[in-house]
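Start at 1 and go down the list; that is how both ligands and their atoms are numbered. Throughout, residue positions are numbered sequentially from 1 according to the sequence presented.
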Amino acid sequence: MSTTTQTQTSTKFGTTADIPVPRGPTQSNLTFFVAPEDGSKPWSLAGDNVDNPPPGVPQRNYGEFSHEVTIQDIRGRESSFDFNVNGFGTVSGVKSEEKDFNDDAHIEQVYYPEVKKLLLDNAPGAHRVFIFDHTIRRSDPNAKRAPVNRAHIDQTTKSAEARVYHHMGDEAEELLKGRVRLINVWRPLNGPVVASPLAYADSRSVPDEDIVGVEHRYPDRTGETAGVKYTEKGQWYYWSGMTNEERILLQCYDSKDGARTPHSAFVDPRTQKDWPGRESIEVRALVFG
Ligand code: OGA
Ligand code: FE
């Protein structure tokens, strides 16, 4: 991971366009979940609790295990992946009117409607989309949110349903009778990505028993994400040199067919020290129908 905050200019390479983008399969260590030894329910601190933990409380009660995996490049065959089957899918050639990504209100006004349309166009059967948050990540050590080098899924069945109740009010019961998906639309802000790419596992290659609910303890509420145990069966992928006009759709929950993709950033061993760190935005949405 590069520590530079610079994006398009003034690396030794001039612009990222001059960097020889690493392509093809690679190997990297991903961090996996290990259940607490005492058999207790796993939890980790979240939100402001991370920087200001209650006295004497550790960050998490479960263990971690780093294991090397092979990560295949989907470049050139990206359209053969379908989030309904693989848990992740791709969209190419997407234009956006949002250029700066430095003002949340502007992002909500300009970028959210674009993501909403993208989901309605690409999730067969979808008739309604509700976007509930976004996260911008930069590799800069001073950035609020950095790439996450830990295999996880953003929600479980429990927390996806809780999202529906939380955001959809009186309509929640009725909406939950139909199909509900939770999809994260991820893109770089300074593509092509040459550092900290995102890897995702084929949903079918990671059995349910290797996916474990983890309480996410905020100061005022408790959410739930999923930790992912290491499995030899896991088939991992990335999309080399992802550009600003490309989108990865990461499905975290589907009430109907159940595909969900474990994912993690990884340190690409081919990345050189003076290459720019990755910047990205992920937008999370409830997709109905
Ligand atoms: C996500 C996610 C990590 C990253 O988009 O849900 O986990 O490093 N991203 O971008
Ligand atoms: Fe995630």
(request) In sequence, state the C-alpha distance, the side-chain angles, and the governing distance for Arg181 and Asp257, and then conclude on salt bridge (Lys or Arg N to Asp or Glu O under 4.0 Å). (result) CA-CA 10 Å; Arg181 287 174 275 191; Asp257 294 334; over 6 Å; no

Show the atom names and distances, to 0.1 Å, of all donor-acceptor pairs under 3.5 Å that link a side chain in residues 227-238 to residues at least two apart or in another chain.
from: Thr231; atom 1: OG1; to: Lys233; atom 2: N; distance (Å): 3.0
from: Tyr238; atom 1: OH; to: Gly24; atom 2: O; distance (Å): 2.6
from: Tyr238; atom 1: OH; to: Arg270; atom 2: NH2; distance (Å): 2.8

Flag for [Y]-[X]: side-chain donor and acceptor within less than 3.5 Å:
{"X": "Tyr165", "Y": "Glu173", "value": "yes"}
{"X": "Arg278", "Y": "Ser196", "value": "no"}
{"X": "Thr222", "Y": "Arg217", "value": "no"}

(request) Between Leu198 and ligand 1, find which residue part has any heavy-atom pair under 4.0 Å and reply side chain, backbone, both or neither. (result) side chain

(request) Take the angle between the ring planes of His216 and Tyr218 and call it parallel below 30°, perpendicular above 60°, tilted in between. (result) perpendicular

(request) Could you label the plane-to-plane angle of the Tyr112 and His134 rings as parallel, tilted or perpendicular, counting under 30° as parallel and over 60° as perpendicular? (result) perpendicular

Within the 4.0 Å heavy-atom shell around [X], which atoms of ligand 1 are there?
{"X": "Arg284", "value": "1 (C), 6 (O)"}
{"X": "Pro147", "value": "8 (O)"}
{"X": "Asp154", "value": "6 (O)"}
{"X": "Ala265", "value": "8 (O)"}

(message) For atom 10 (O) of ligand 1, what is the closest protein heavy atom, and at what distance to 0.1 Å?
(response) Arg278 NH1, 2.7 Å

(message) Quick test: of every protein heavy atom, which one is nearest to atom 3 (C) of ligand 1, and how far off is it to 0.1 Å?
(response) Arg137 NE, 3.6 Å

(message) Closer than 2.8 Å to the Fe ion (ligand 2): how many protein N, O or S atoms are there?
(response) 3

Please table the atom pairs, donor to acceptor, closer than 3.5 Å between any side-chain atom in residues 120-132 and protein atoms at least two apart or in another chain.
from: Asp121; atom 1: OD2; to: Lys117; atom 2: NZ; distance (Å): 2.7
from: Asn122; atom 1: ND2; to: Leu118; atom 2: O; distance (Å): 2.8
from: Arg128; atom 1: NH1; to: Glu171; atom 2: OE2; distance (Å): 2.8
from: Arg128; atom 1: NH2; to: Glu171; atom 2: OE1; distance (Å): 3.0

(message) Take a 6.0 Å sphere around CD of Glu209 and say whether it holds more than 12 heavy atoms from other residues, nucleotides or ligands.
(response) yes

Under 3.5 Å, which donor-acceptor pairs link side chains of residues 54-64 to any protein atom two or more places apart or in another chain?
from: Gln59; atom 1: NE2; to: Val50; atom 2: O; distance (Å): 2.9
from: Asn61; atom 1: OD1; to: Trp43; atom 2: N; distance (Å): 2.8
from: Asn61; atom 1: ND2; to: Ser40; atom 2: OG; distance (Å): 3.4
from: Asn61; atom 1: ND2; to: Lys41; atom 2: O; distance (Å): 3.0

(message) Please report whether ligand 1 has a polar contact with Val148, defined as an N or O pair separated by less than 3.5 Å (distance criterion only).
(response) yes

